[in-house]
K.L.:
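Provided herewith is a single structure, encoded as structure tokens, for subsequent inquiry.
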Amino acid sequence: MNERLSLLTALKDAVAAFTEQKLADVKVEEIRAPKLIRDALTETALYEEHEIAVIDLPLVQRLRRIHQTGLAFLTYPCTGHNRFQHSLGVTNIVDKFAKSLMRKYKKLVDSHAVRELRLAAILHDIGHGPFSHPTEEILMHMPEIKAELLANPKFSKAKPHEMLAYYMITSEAFRKVIEEINIHYDLKIDIDRIANMIVGDMDNPQMEGYMSDLINGPFDADKLDYMPRDAYFSGLKMEVDLERIAYTSLIDKRGTSFDRRLCSDVSGAHNLEQIMFNKVLLYSSMYHHHKVRAAACTFKSIFEIIRDHKLEVDGHSFDNATDFLSIDDYDVLSRFEEIPELTQIIQNLKHRRLLKRALVISRRTAKDPRPYQRLIRLSEDPTALRKLRDLIVDEVVRRGGVCSVYDLWIDLPEPPSLREPSQCIVRLTEEKHVTLDTIFPADWWLTAYGETKWKGHIFCPPDTELRKLVNEISQKVLKDALGVEFEEAATIEAKIPGLFY
Amino acid sequence: MKSVKTADDVVAAMFSFFDSETIPLDVRKIHTAMYEVKREFPEMLKEFSFSENDVYPFSRLLERVFFRLQNSSLISTVNPDFRECIVKNESKKYIRENVLPLFENDEKIKLEKMGKAFERLVTG
């Protein structure tokens with residue numbers, strides 16, 4: 001217990017120290033007037049003076065240098081969009097929703113609530129590490145992050161980057177900045193409420209439930225921005241009817257357990273269904289695209305090399321979460337290249353020399369699905385997967401192949417969460433409310449996604465002979481270690497020249 | 001390679017103690033039941049974190065575990081309406097032979113109690 005407590009304190013203190021350092025030279029600037037900021041996707045929108053002061057903070061400006069969709073730009077060339085653009089998009093969308101709710105609930109939603117919602121949107125992603133999600137995959141297995149997410153009910157539905165944002169925002173240094181802004185612009189911004197919204201928590205659900213739902217809820221502004229934004233920049237065709245979703249959004253006020261939560265009129269249900277459809281499409285087409293996953297694996301190798309070789313980059317060893325807050329995508333692609341042990345792997349990413357498939361792991365490609373369970377259950381256990389990788393590489397090298405463990409990955413990507421419909425309240429009549437999944441059972445989709453779409457892979461360097469060798473050896477290692485055997489489809493789908501292809 | 005126990009193993013082991021072959025495939029009931037079971041056996045389900053302020057307690061890890069158990073056919077559903085979650089006797093046998101040996105005897109006793117409690121809560 002003491003060890004867990006010390007981990008929790010260490011993380012909070014480390015994030016606070018990091019935030020203090022980043023804000024050390026920051027002075028709240030005098031902003032002369034509101035500013036118009038153009039966005040390619042949402043709209044040209046006006047930002048108040050205090051919002052510009054927050055946007056100008058280095059912690060927010062850093063988001064310009066973090067890709068929204070990780071390394072997907074190596075596969076979908078137009079996905080160069082970043083977390084900064086997304087954060088402004090979320091701000092524009094939350095504004096639209098809040099003002100729609102304001103018209104319906106004048107006594108409940110006021111301009112102060114809109115102001116805090118907009119600031120929560122601007123700040124909601126400041127805890128992201130380089131390339132966003134690939135870093136998140138590293139963070140979620142760090143002991144201090146796991147301990148915190150499990151121990152603190154406040155973070156019961158937060159992701160690692162949201163928890164880090166919470167600690168940054170509630171640090172003394174950040175509070176001081178907001179106090180200055182409050183005084184300077186004559187505001188009463190409650191930074192704790194903003195931090196709560198980001199992690200989907202609420203101290204006073206009877207008053208604020210809908211606010212947290214708008215920032216971190218079943219159909220929050222975050223989703224309503226990232227889906228159309230990722231689709232637009234990737235070139236994937238999909239629609240989200242924002243106007244209609246905002247128009248049909250309601251606040252439940254019946255004095256039940258759903259009290260003051262965001263809900264939708266039943267007439268908007270099909271628009272919410274459309275979002276779920278889009279989510280599945282984005283996963284199967286982009287987020288789980290084998291090339292996108294291969295690049296994410298190479299990214300994770302960078303930090304395995306740093307850890308295994310006890311390296312430091314600019315004084316950071318990346319054995320703790322805050323080190324990832326200290327860098328951005330530009331640092332990874334430039335500063336890291338200067339470290340001799342990392343030069344090759346960074347150049348591989350820069351020049352798009354990506355790993356290729358040696359074996360496809362899926363329900364369809366496994367001979368007997370039950371032993372296959374012994375493999376896919378390891379997706380929560382990177383240490384066990386690393387041991388398997390070591391076994392495969394040892395045998396590859398023994399057989400004369402040239403391959404390092406950093407170039408060989410067993411990738412079992414996290415399936416999409418389709419929790420939203422089971423958590424989204426739909427108003428059928430004034431008295432009758434249900435959750436969306438009673439109208440639209442999206443959990444069936446998750447089952448279908450698993451059966452038809454989800455794939456894991458063994459990736460290795462692109463040399464054809466090496467791929468053949470890794471294909472053969474990995475099948476043997478997985479059979480010996482876990483009893484899992486594969487159909488020919490596992491090789492056919494890997495598209496290795498000369499092997500069925 | 002020595003096997004380690006995972007969250008998937010805990011849930012699979014619980015399911016092997018079901019009296020029946022089917023439980024309703026109802027996300028709300030499943031997550032709420034597991035939340036209740038965790039309250040009684042916190043040390044066995046310590047990796048599972050449940051949201052405290054949602055319409056019902058939800059665990060992202062449980063969603064992933066369910067996905068994998070379905071994906072590997074240890075539990076199955078029947079088209080077209082996916083209303084029931086099926087844990088066939090042959091799956092239970094597989095789990096008893098391949099998953100349960102990962103646990104100590106005192107853990108197996110707890111897992112049996114957990115499985116029965118979960119089944120009662122979900123079907124009740």
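Here is the naming used below: chain letters follow the sequence lines, and residue numbers restart at 1 for every chain. The figures that follow rest on heavy atoms only: side chains count, while hydrogens, waters and symmetry mates do not.
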K.L.:
Contact between A:S422 and B:V55 at the side-chain level, heavy atoms closer than 4.5 Å - yes or no?
P.N.:
no
K.L.:
Please indicate whether A:K223 has more than 12 foreign heavy atoms, meaning atoms of other residues, nucleotides or ligands, lying under 6.0 Å from its NZ.
P.N.:
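Count over threshold, so yes.
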K.L.:
With a strict 4.5 Å heavy-atom criterion, list every residue of residues 105-124 of chain B that contacts chain A, or say none.
P.N.:
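Expected list: none.
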K.L.:
Please classify the contact between B:R60 and chain A as side chain, backbone, both or neither, with a heavy-atom cut-off of under 4.5 Å.
P.N.:
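Answer is side chain: those atoms of B:R60 sit under 4.5 Å from chain A.
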K.L.:
I'd like to know if the side chain of B:S51 reaches the main chain of A:S156, judged simply by a donor and an acceptor atom lying under 3.5 Å from each other, with no hydrogens or angles considered.
P.N.:
no
K.L.:
Can you tell me how far the CH2 atom of A:W454 sits from the CZ atom of B:R68, to the nearest 0.5 Å?
P.N.:
8.5 Å
K.L.:
Please rank B:H31, B:E47, B:R64 by heavy-atom pairs under 4.5 Å with chain A and give me the top one.
P.N.:
B:R64
K.L.:
Measure A:S212 against the heavy atoms of chain B and call it side chain, backbone, both or neither at under 4.5 Å.
P.N.:
neither
K.L.:
Nearest 0.5 Å, what's the CD1-CG distance between A:I376 and B:N71?
P.N.:
4.5 Å
K.L.:
State, with a plain yes or no, whether a side-chain heavy atom of A:R261 is found less than 4.5 Å away from one of B:D54.
P.N.:
yes
K.L.:
Given heavy-atom pairs under 4.5 angstrom as the criterion, report whether the side chain, backbone, both or neither of A:P416 touches chain B.
P.N.:
backbone
K.L.:
B:F67 vs A:Y449 aromatic rings, parallel, tilted or perpendicular, using cut-offs 30° and 60°?
P.N.:
tilted
K.L.:
Just so I understand: if I count every heavy-atom pair under 4.5 Å between each of A:E380, A:K154, A:R370, A:K157 and chain B, which residue has the most?
P.N.:
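Among A:E380, A:K154, A:R370, A:K157, the one with the most close pairs to chain B is A:R370.
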K.L.:
Using heavy-atom distances under 4.5 Å, tell me whether A:D201 contacts chain B through its side chain, its backbone, both, or neither.
P.N.:
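Both backbone and side chain of A:D201 come within 4.5 Å of chain B.
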K.L.:
Quick check on B:I95 against chain A: is it the side chain, the backbone, both or neither that has a heavy atom closer than 4.5 Å?
P.N.:
neither
K.L.:
Hey, which of A:G217, A:C424, A:P369, A:S379 has the most heavy atom pairs under 4.5 Å with chain B?
P.N.:
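Top option by heavy-atom pairs under 4.5 Å: A:P369.
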K.L.:
Less than 4.5 Å apart, side chain to side chain, heavy atoms only: is that true for A:L150 and B:S49?
P.N.:
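Heavy-atom side-chain distance check passes, below 4.5 Å.
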K.L.:
For B:Y56, is it the side chain, the backbone, both or neither that has a heavy atom under 4.5 Å from a heavy atom of chain A?
P.N.:
both
K.L.:
Judged by modelled atom types alone, do A:R363 and B:S73 share a side-chain donor-acceptor pair under 3.5 Å?
P.N.:
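Yes, B:S73 and A:R363 have a side-chain donor paired with an acceptor closer than 3.5 Å.
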K.L.:
So do B:V99 and A:R374 actually touch side chain to side chain, heavy atoms under 4.5 Å?
P.N.:
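No, their side chains stay 4.5 Å or more apart.
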K.L.:
Any Lys/Arg nitrogen of B:R28 or A:D437 sitting under 4.0 Å from an Asp/Glu carboxylate oxygen of the other?
P.N.:
no
K.L.:
Relative to chain B, which of A:P371, A:S362, A:A158 shows the most heavy atom pairs under 4.5 Å?
P.N.:
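Sorted descending by pairs with chain B, the first entry is A:P371.
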K.L.:
Could you give the distance from CG (B:D9) to CZ (A:R377), rounded to the nearest 0.5 Å?
P.N.:
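It comes to 4.0 Å.
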K.L.:
Hey, are A:S417 and B:E63 close enough side-chain-wise for a donor-acceptor pair under 3.5 Å?
P.N.:
yes
K.L.:
For the CG atom of A:L482 and the CG atom of B:N98, what is their distance to the nearest 0.5 Å?
P.N.:
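Here the rounded value is 11.0 Å.
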K.L.:
Taking side chain as everything from C-beta outward and backbone as N, CA, C, O, which of these in B:Y94 sits under 4.5 Å from a heavy atom of chain A? Side chain, backbone, both or neither.
P.N.:
side chain
